[in-house]
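Each remark here refers to the structure printed beneath this line.
What you see is a predicted model, and the numbers here were worked out from it, not measured in a lab. For this chain, numbers begin at 1 and follow the sequence in order.
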Amino acid sequence: MPTTLANIKNGLDGHIGDKLMVVAQAGRKKVTKRKGILRETFPAVFVVDLDQDENAFERVSYSYADLLTKSVAIEFDEEPIVL
């Protein structure tokens with residue numbers, strides 16, 4: 001069964017409140033890693049509250065399409081999520 005945006009959202013709904021690491025493509029050969037807590041999921045995006053010790057801003061949001069296209073990867077408790 002192919003992965004859909006709805007499947008990704010449903011998978012993330014069960015992890016609200018869990019600690020995670022977001023690995024995002026920030027450009028050509030550049031990757032950013034941010035640690036935080038999955039705070040909310042919305043119909044098109046999910047919100048991560050970032051650790052204030054490591055980041056200059058409080059929260060960041062990503063779309064489910066970012067996960068589907070693999071421009072963003074998330075790991076819960078050091079285990080990668082399988083889509």
Considering only heavy atoms from C-beta outward, does the side chain of Val22 approach that of Val60 to under 4.5 Å? no
Name the orientation class of the two ring planes belonging to His15 and Phe76 (parallel below 30°, tilted from 30 to 60°, perpendicular beyond 60°). parallel
Spatial distance of atom CZ (Arg34) from atom CG (Leu50) [nearest 0.5 Å]: 6.5 Å
Side-chain heavy atoms of Leu38 within contact of Ile74, under 4.5 Å: no
Which atom pair, heavy atoms only, marks the closest approach of Tyr64 to Val45? OH-O, 3.1 Å
Would you indicate whether the side-chain heavy atoms of Glu75 and Leu20 approach each other to under 4.5 Å? no
For a quick test of reading the model, state the closest non-hydrogen atom pair linking Gln52 to Glu58 and the distance between them. NE2-CA, 3.1 Å
Pair Asp51, Lys35 - check salt bridge (charged side-chain N to carboxylate O under 4.0 Å, His left out), show working. CA-CA 6 Å; Asp51 288 344; Lys35 292 182 181 178; over 6 Å; no
Can you hop from Ile37 to Val48 via hydrophobic side chains spaced under 4.5 Å? no
Mind listing the closest non-hydrogen atom pair of Ile16 and Arg39 along with its distance? CG2-O, 3.4 Å
Does Ile8 share a hydrophobic cluster with Val72, counting links as ILVMFWY side-chain heavy atoms below 4.5 Å and allowing steps through other members? yes
How far does CG of Asn7 sit from CG of Leu12, to the nearest 0.5 angstrom? 11.0 Å
Could you see if Tyr62 belongs to whatever hydrophobic cluster contains Phe57? Use Ile, Leu, Val, Met, Phe, Trp, Tyr and a side-chain cutoff under 4.5 Å. yes
